[in-house]
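Read through the structure below, which is laid out as structure tokens, and then see the notes.
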Amino acid sequence: MTVNEPSRPYAPATRAVRTGQYQDLSDLHSEGLALTASYVFADAEDAAEKFAGRRPGNVYVRFSNPTTAAFEERIAALEGAEGAVALGSGMAAYTAVALGLLAAGDHVVLGDGMFGTTPRFFRAYMEKFGVSVSVADVRDLGQWRDAVRDETVMFVLETPTNPMMHVADLRALSALAKERDVLLVVDNTLCTPVLQNPLALGADLVVHSAAKYIDGQGRCGGGVVAGRADLLKAVSEVLRTAGPSPSAFNSWVFLKSLETLPVRMREHSRNATLLAEWLVEHPAVEEVYYTGLAEHPQRELADSQQSGHGGLLGFTVRGGQEDAWAVIDSLSLVSVTTNIGDTKSMITHPASTTHGRMSPSERERAGIAPNLLRLSVGLEDVEDLKYDLDRALRAAGSQATRTAVDQAPREAGSQAVRAMGGRFR
Ligand SMILES: *Cc1c(COP(=O)(O)O)cnc(C)c1O
């Protein structure tokens, strides 16, 4: 009973709208999903204090939500960050970092081999507002040293890149960044905080597309930025003002997904390592790109900064695009999609999809060959994945390959998969 309590009962319409409104959900064991556009203030002064930012607390859906805050807290803890800000997508995360921390006249160096939309965003939008952009090979520290100018304020890169699996030396790049007073922003989508902690190696901010391994089951879009509190202040100011906000439902999905992230990443890495080693030996396969292979040229560097090699690998099949497409079309278990980081294994032909907007010469320089395939290795039984891939590689091989490949039927794969018949959808 408060002094504001009415002295007569409310009508049904009022009760329909108001009864149970202020239930405390804090004793739920599984974290609650808070779907609300606004928040109740204790009194008029509380509203004024929270609006002015002098008192912590929720104000409005565009810039805060308790479920999203729980997700941010959990991802910050995993990244070893002072804080985190969730956004509507990975690209929204880049947008907020760029709008919050860059100004006309600034220069940014991007790592090559990044997720295609990232360089497109910087070139299409940041250059328009007077930010200049150059690109450096993530494997070559000298190129980064040469790229730095007086106006350089930010390095942005992915490591490892995909599907070529080039590794950036994060310790060396962060030392260079500090020496030249440049911010180091690392996209950690591929490794996730489970396999790599760029902040501990000297990065200032980490960016994620949460739609990949963080969700891990291919359901929701989202993004997050984690790192230094002073930089995050600028990022969340963009969120509040420009509004690239996350959905509370998606934050709830990500929050729950993080609970299994360590287990999933361990298993993705194990499956991918076993498949990479198997593909190396396959007569229809030319080359395999995976940092977990002993023969990967940067294996030692990867091991010095990653605690595992993740679920993504690239491989080239004997022949050309026709043969690569035939492998895709002969698979029944592995899905044909351009996403990554799902429990379900997925295959992509980069040259005609994710890297299709590049010119042929750009593709050649980036190593995106017509016979290259990208495989996001899921959590199915690895023997079933081998069975599916082996069947596809045999079915698809060019005439020359077909004679090289042992045609004898193999006893791999479970009865269940074989019983499925056509493509598993
Ligand atoms: C998918 C992806 C992005 C973009 O994130 P969206 O959530 O799709 O906006 C950025 N970086 C990497 C490495 C990605 O895989």
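Each ligand, and each atom within it, is numbered from 1 in the order the structure gives.
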Completion exercise
For atom 4 (C) of ligand 1, the closest protein heavy atom turns out to be F115 CE2, 3.3 Å
Fill in the blank from the handout: Within 4.0 Å of some non-hydrogen atom of E158, the atoms of ligand 1 are 13 (C)
Practice task
Report yes or no: does a heavy atom of G341 sit under 4.0 Å from some atom of ligand 1?
Solution key: no
Completion exercise
Ranking A92, S209, C220, G221 by closest non-hydrogen atom to atom 5 (O) of ligand 1, top hit is S209
Practice task
Give a yes/no on ligand 1: does D187 have at least one heavy atom closer than 4.0 angstrom to it?
Solution key: yes
Exercise for the section: Would you please indicate if the ring centroids of H268 and Y213 are separated by under 6.0 Å? Expected result: yes
Practice task
Could you check whether the rings of F41 and F51 sit parallel, tilted or perpendicular, using 30° and 60° as the cut-offs?
Solution key: tilted
Practice task
Could you tell me how the ring of W252 sits relative to the ring of F249: parallel (under 30°), tilted (30 to 60°) or perpendicular (over 60°)?
Solution key: tilted
Practice task
Output yes when K386 and E383 qualify as a salt bridge under the 4.0 Å nitrogen-oxygen rule, no when they do not.
Solution key: yes
Practice task
For atom 1 (C) of ligand 1, find the nearest protein heavy atom and state the residue, atom name and distance (0.1 Å precision).
Solution key: K212 NZ, 1.4 Å
Exercise for the section: Before accepting this row, confirm whether a basic side-chain N of the pair D215/K212 lies closer than 4.0 Å to the acidic partner's carboxylate O. Expected result: no
Completion exercise
When distances are taken from atom 9 (O) of ligand 1, the protein heavy atom at minimum range is M91 N, 2.9 Å
Problem - Distance-minimising heavy-atom pair for A248 and T67 - result: O-CG2, 3.9 Å
Exercise for the section: Just jot down the ligand 1 atoms closer than 4.0 angstrom to any heavy atom of G222, in number order. Expected result: 7 (O)
Exercise for the section: Distance to 0.1 Å, residue and atom name: give those for the protein heavy atom nearest to atom 6 (P) of ligand 1. Expected result: G90 N, 3.4 Å
Practice task
Tell me which part of M114 gets within contact of ligand 1: side chain, backbone, both or neither, using heavy atoms under 4.0 Å.
Solution key: neither
Practice task
Kindly say whether the aromatic ring centers of F71 and F254 come within a distance under 6.0 Å.
Solution key: yes
